[in-house]
Amino acid sequence: MHFKDLFLVALVALWAVSRVAEACKGCVELDEITFDKLIRRFPVTVVKFDVAYPYGNNHEAFSSFALDVADVDDLLVGLVGIKDYGEKDNAELGKLYKATEKDLPVIKLIKRDDPRKWIDYKPSALTVSAEDLKAFVRDNSDLYIGLAGCLQEFDQLAGRFMDALAVDEKSAQEVLQDAQEEEKKFNGEENSGRMYIAIMQRILEKGAEFIASERERVKSLQGKKVSAGKKVLLEHRMNILAAFKATASASSDKSEL
């Protein structure tokens with residue numbers, strides 16, 4: 001191969017590396033020196049252990065997630081690139097978090113209170129999506145991460161509703177009334193608050209088990225051939241259903257009784 005050809009190959013390689021580096025805006029590159037320093041500064045860290053120069057659909061989805069949560073101050077999104085050649089950068093860090101070469105990529109949620117423990121994102125059959133990652137953070141931390149179709153005020157009302165339902169139906173009815181008052185602020189404009197209210201009403205009719213049965217119904221519909229618009233609505237409904245769970249404070253109150 002001529003010198004000119006080698007030069008062109010080197011330029012293409014450098015371009016590819018720079019494109020990879022740009023592809024994860026919102027991510028912080030972590031290594032064996034900076035890892036502990038940075039994760040101890042944030043209540044929650046979501047970190048992807050991957051090859052040194054990651055690419056592909058999963059990496060693009062992780063990058064989208066990083067951009068979507070960029071305004072969540074208490075969340076750090078990190079990226080650890082592990083090399084299997086040369087000095088094998090970050091290989092020991094990967095071993096510490098059980099992210100060896102054969103496992104990559106793996107995504108983990110780490111809390112500042114106990115940084116040597118973690119929660120794996122989909123430990124089997126890893127397929128990354130930005131919305132699933134947001135739900136993963138919501139389900140495993142106290143951080144608020146808005147999902148597609150969700151409204152923060154109504155997510156909070158959904159949590160209050162489930163807490164109230166555990167006390168009695170009258171208390172839950174009062175939260176439903178609060179939700180109906182909140183929805184009036186939209187002055188008749190289309191909004192997903194109506195879906196929260198409809199779910200509350202169905203729960204009062206059928207009991208808390210309605211949530212699980214409705215999730216199964218929506219999942220079955222998602223597996224069928226539906227229009228693009230219907231697909232979005234089903235995704236929004238599934239996200240809203242995820243908000244109907246008891247709050248952490250209510251759960252701890254019960255455990256103390």
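All figures in this text were calculated on a predicted structure; none of them were measured in a lab.
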Shared ILVMFWY cluster between [X] and [Y], side chains joined below 4.5 angstrom?
X: Leu79; Y: Val72; answer: no
X: Leu147; Y: Val128; answer: no
X: Val69; Y: Tyr121; answer: yes
X: Leu67; Y: Val47; answer: no
X: Leu96; Y: Phe49; answer: yes

In the structure I gave you, are the side-chain heavy atoms of [X] and [Y] within less than 4.5 Å of one another anywhere?
X: Gln201; Y: Gln180; result: yes
X: Tyr144; Y: Gln156; result: no
X: Arg237; Y: Ile199; result: yes
X: Lys230; Y: Lys224; result: no
X: Phe136; Y: Ile119; result: yes

- Go through the steps to decide whether Leu76 and Arg41 satisfy the test side-chain contact (heavy atoms from CB on, under 4.5 Å), and finish with yes or no. CA-CA 9 Å; Leu76 174 68; Arg41 294 177 181 272; over 6 Å; no
Check: What do the steps show when you test Asp36 against Arg116 for side-chain contact (heavy atoms from CB on, under 4.5 Å), and what is the final call?
Finding: CA-CA 10 Å; Asp36 283 337; Arg116 288 297 178 259; 2.9 Å; yes
Might you point out which heavy atoms bring [X] and [Y] nearest each other, and give the distance in Å?
X: Arg215; Y: Ala242; value: NH2-CA, 3.6 Å
X: Ser171; Y: Val167; value: OG-CG1, 4.1 Å
X: Ala66; Y: Cys27; value: CB-SG, 3.7 Å
X: Ser64; Y: Ala130; value: CB-CB, 4.1 Å
X: Leu241; Y: Val218; value: CD1-CG2, 4.4 Å
X: Met162; Y: Ile203; value: SD-CD1, 4.2 Å

Would you say the side-chain atoms of [X] pair up with the backbone N or O of [Y], donor to acceptor, closer than 3.5 Å?
X: Lys98; Y: Asp103; value: no
X: Asp113; Y: Lys111; value: no
X: Asn90; Y: Leu93; value: no
X: Glu131; Y: Ala148; value: yes
X: Tyr196; Y: Leu151; value: yes
X: Lys48; Y: Phe62; value: no
X: Ser192; Y: Met195; value: no
X: Asp74; Y: Pro43; value: no

Can you tell me how far [atom2] of [Y] sits from [atom1] of [X], rounded to the nearest 0.5 angstrom?
X: Asp178; Y: Ile197; atom1: CG; atom2: CD1; result: 10.5 Å
X: Phe65; Y: Ile145; atom1: CZ; atom2: CD1; result: 6.5 Å
X: Asp163; Y: Arg160; atom1: CG; atom2: CZ; result: 9.5 Å
X: Glu60; Y: Tyr55; atom1: CD; atom2: OH; result: 12.0 Å
X: Met200; Y: Gln177; atom1: CE; atom2: CD; result: 11.5 Å
X: Ile110; Y: Arg40; atom1: CD1; atom2: CZ; result: 10.5 Å

Does Glu32, at its CD atom, have more than 12 non-hydrogen atoms belonging to other residues, nucleotides or ligands within less than 6.0 Å?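 Counting other residues, nucleotides and ligands, CD of Glu32 exceeds 12 neighbours.
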Just wondering, are more than 12 heavy atoms of other shown residues or ligands nearer than 6.0 Å to CG in Asp168? yes
Review point. Can you say whether the rings of Phe35 and Tyr97 are parallel (under 30°), tilted (30 to 60°) or perpendicular (over 60°)?
Key: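 Geometry flag for Tyr97 against Phe35: tilted rings.
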TODO: Report the C-alpha separation of Glu92 and Lys88 in whole Å, then their side-chain angles, then the decisive distance to 0.1 Å, and conclude whether the salt bridge (charged side-chain N to carboxylate O under 4.0 Å, His left out) test is met.
DONE: CA-CA 8 Å; Glu92 288 303 313; Lys88 298 194 173 182; over 6 Å; no
Next on the checklist: If you apply the rule side-chain contact (heavy atoms from CB on, under 4.5 Å), what do you find for Ile82 with Thr100, and how did you get there?
Outcome noted: CA-CA 9 Å; Ile82 299 176; Thr100 55; over 6 Å; no
Centroid-centroid distance, Phe244 to Phe210, less than 6.0 Å
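Not close enough - the centres of the two rings lie 6.0 Å or further apart.
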Show the numbers, then the answer: is there a salt bridge (charged side-chain N to carboxylate O under 4.0 Å, His left out) between Lys231 and Glu235? CA-CA 6 Å; Lys231 184 177 180 181; Glu235 178 190 344; over 6 Å; no
- Message: Working note: Arg138 + Asp155, criterion side-chain contact (heavy atoms from CB on, under 4.5 Å); need CA distance, chi angles, decisive distance, verdict.
- Response: CA-CA 11 Å; Arg138 278 173 49 131; Asp155 278 351; 3.0 Å; yes
